[in-house]
Amino acid sequence: MRYELTDLKLFVAIAEERSVSRGAKRCHLAPSSASLRLKALEATFGTSLFTRQARGVTPNPAGIVMLEHARRCIAQLGQMHADMTPFSSGVLNHVTLFANNNAINSWLADDLLPFFRTFPSARVALEERLGTDIVAAVAQGRADLGVIAIEADHPELHFLPYREDKLMVVTARDGPLARHDSIRFAACLDSPFVCLLNGTAMHTYLVNHAMALGRQLDVRIQVSGYPAVLRLIASGVGIGIVPASALGTQNRDELCVIALDEPWAARHHRVCVRPETLRRNALVVELIKTLGGAAQR
């Protein structure tokens, strides 16, 4: 990679300003220097990144793809510097917490509030990951602690109980499955699904269980959160499988909630952490205490 962070910042500035000279000015560079850097960047990727016009430049298709990646890289580097700042003062007030989609959407937003009230200077990097990825990240030290629903243990980690939940089948009141009190997952696979986006823990979980049966999910539409999932189900677009904790009261008059008759429908959420982390990071210990107390309320 024969380019520098300055080149990425310059590329973003030129793309946003639609001008090499204005982009150069924003990056405190001479226009001639900016032009040379842009030419070298394009040579590195073997393609032009802009369409040159009489009144400026606009990103071409390659430039649009590049712009998305460059913005993400710059933002992540900025966050890296922000996350490293507390360590320079010798204060360990940063916690990296990985959790599955269920825990993030159902409980963590509320359960973290008492922790932040007690430790207002604390910073928590909360990321959604799959359960197996969370266990690996905590074991390798890439996350301080995790919230998972998978049953398998890891010999190098401590596991503590957090929350209980259950997956439910949700359909419209007049849907073809509405007559059931409980239903097996295989019987659901003949209906179109409303799902969370690809890559989310719940979507991957359901896809894997369908594959284990030699089947596929018939995904009619994917959305970013459970409120949208429930609205679409209520309108008759399809069925869904949703944690009971995510149901709330939204659209309940328009929905039929059916028990999912599968052993994996029970979701036993646990906190996992390395013993070494418990010994050296008092803030992680306090966060675990807060989550444990919230689960008992």
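Heavy-atom basis, side chains included; hydrogens, waters and symmetry copies ignored.
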From [X] atom [atom1] to [Y] atom [atom2], the distance as rounded to the nearest 0.5 Å:
X    : Y    : atom1 : atom2 : answer
L145 : L97  : CG    : CG    : 5.0 Å
D144 : I288 : CG    : CD1   : 9.5 Å
R270 : L157 : CZ    : CG    : 9.5 Å
L260 : I258 : CG    : CD1   : 10.0 Å
L130 : T200 : CG    : OG1   : 8.0 Å
Q79  : H81  : CD    : NE2   : 11.0 Å

With [X], which residues qualify under side-chain contact (heavy atoms from CB on, under 4.5 Å), at least two apart?
X    : result
I150 : T132, V135, I148
D181 : none
D218 : P192
V237 : V194, R220, I221, L232, S235

Do [X] and [Y] have side chains that get closer than 4.5 Å, going by heavy atoms?
X    : Y    : value
L217 : C195 : yes
V207 : F193 : no
I241 : V170 : no
L49  : L67  : no
L167 : R267 : yes
M168 : V242 : no
E156 : V138 : no
L196 : Q222 : no

Greater than 12 external heavy atoms within 6.0 Å of K39's NZ: no
R72, CZ atom: more than 12 neighbouring heavy atoms under 6.0 Å: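 Counting other residues, nucleotides and ligands, CZ of R72 exceeds 12 neighbours.
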Can you name the residues that form a salt bridge (Lys or Arg N to Asp or Glu O under 4.0 Å) with [X], not counting sequence neighbours?
X    : answer
R179 : none
E286 : K289
D261 : none

Face-on cation placement of R231 at Y226 ring, 6.0 Å and 45° thresholds: no
Is it the case that one hydrophobic cluster holds both [X] and [Y], taking links as side-chain heavy atoms less than 4.5 Å apart, direct or via other members?
X    : Y    : answer
F45  : V65  : no
F98  : M80  : no
M211 : F185 : yes
V284 : F116 : yes
L113 : V95  : no

May I ask you to decide whether [X] forms a salt bridge with [Y], counting only side-chain N to carboxylate O separations under 4.0 Å?
X    : Y    : result
R184 : E262 : yes
R71  : E16  : yes
E17  : R26  : yes

Could you verify whether a donor N or O on one side chain and an acceptor N or O on the other, from [X] and [Y], lie under 3.5 Å apart?
X    : Y    : value
S245 : D165 : yes
R142 : Q140 : yes
E164 : H269 : no

Ring pair (Phe, Tyr, Trp, His ring centres under 6.0 Å) pairs, two or more places apart, involving residues 138-158: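 Ring pair (Phe, Tyr, Trp, His ring centres under 6.0 Å) check on residues 138-158 returns no pairs.
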Residue pairs involving residues 7-38 (criterion ring pair (Phe, Tyr, Trp, His ring centres under 6.0 Å); sequence neighbours excluded):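 For residues 7-38, and leaving out neighbouring residues, the ring pair (Phe, Tyr, Trp, His ring centres under 6.0 Å) pairs sorted by first residue read F11-F50.
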At their closest point, which heavy atom of [X] faces which heavy atom of [Y], and how far apart are they?
X    : Y    : value
A234 : A172 : O-CB, 4.0 Å
V20  : A34  : CG1-CB, 4.3 Å
A15  : P59  : CB-CG, 3.9 Å
Q53  : T58  : OE1-CG2, 3.7 Å
A210 : L189 : CB-CD2, 4.2 Å
V147 : I134 : O-CD1, 3.5 Å

Pairing residues for F159 by the ring pair (Phe, Tyr, Trp, His ring centres under 6.0 Å) criterion, not counting sequence neighbours: none
Backbone of L29 reached by a side-chain donor or acceptor of S33 within 3.5 Å: no
Under 3.5 Å donor-acceptor, N60 side chain and S48 backbone: yes
Residues T290, D111; criterion side-chain hydrogen bond (donor to acceptor under 3.5 Å, both in side chains); working and verdict: CA-CA 7 Å; T290 301; D111 291 351; over 6 Å; no
Residues that, via side-chain heavy atoms closer than 4.5 angstrom, fall in one hydrophobic cluster with L197: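 None, because no other hydrophobic side chain comes under 4.5 Å of this residue.
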Criterion side-chain contact (heavy atoms from CB on, under 4.5 Å) on V57 and T51, from CA distance to verdict: CA-CA 6 Å; V57 297; T51 299; over 6 Å; no
Criterion side-chain contact (heavy atoms from CB on, under 4.5 Å) on N208 and T204, from CA distance to verdict: CA-CA 6 Å; N208 287 341; T204 303; 3.7 Å; yes
Verdict with supporting geometry, R274 and R280, side-chain contact (heavy atoms from CB on, under 4.5 Å): CA-CA 10 Å; R274 290 190 302 166; R280 66 178 175 80; 3.5 Å; yes
Working for side-chain hydrogen bond (donor to acceptor under 3.5 Å, both in side chains), residues N281 and T277: CA-CA 6 Å; N281 194 328; T277 303; over 6 Å; no
Mutual orientation of the aromatic rings belonging to F119 and F115 [parallel < 30°, tilted 30-60°, perpendicular > 60°]: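 Plane angle between 30° and 60°, so tilted.
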Pairs meeting criterion salt bridge (charged side-chain N to carboxylate O under 4.0 Å, His left out) with involvement of residues 124-135, two or more places apart: E127-R129
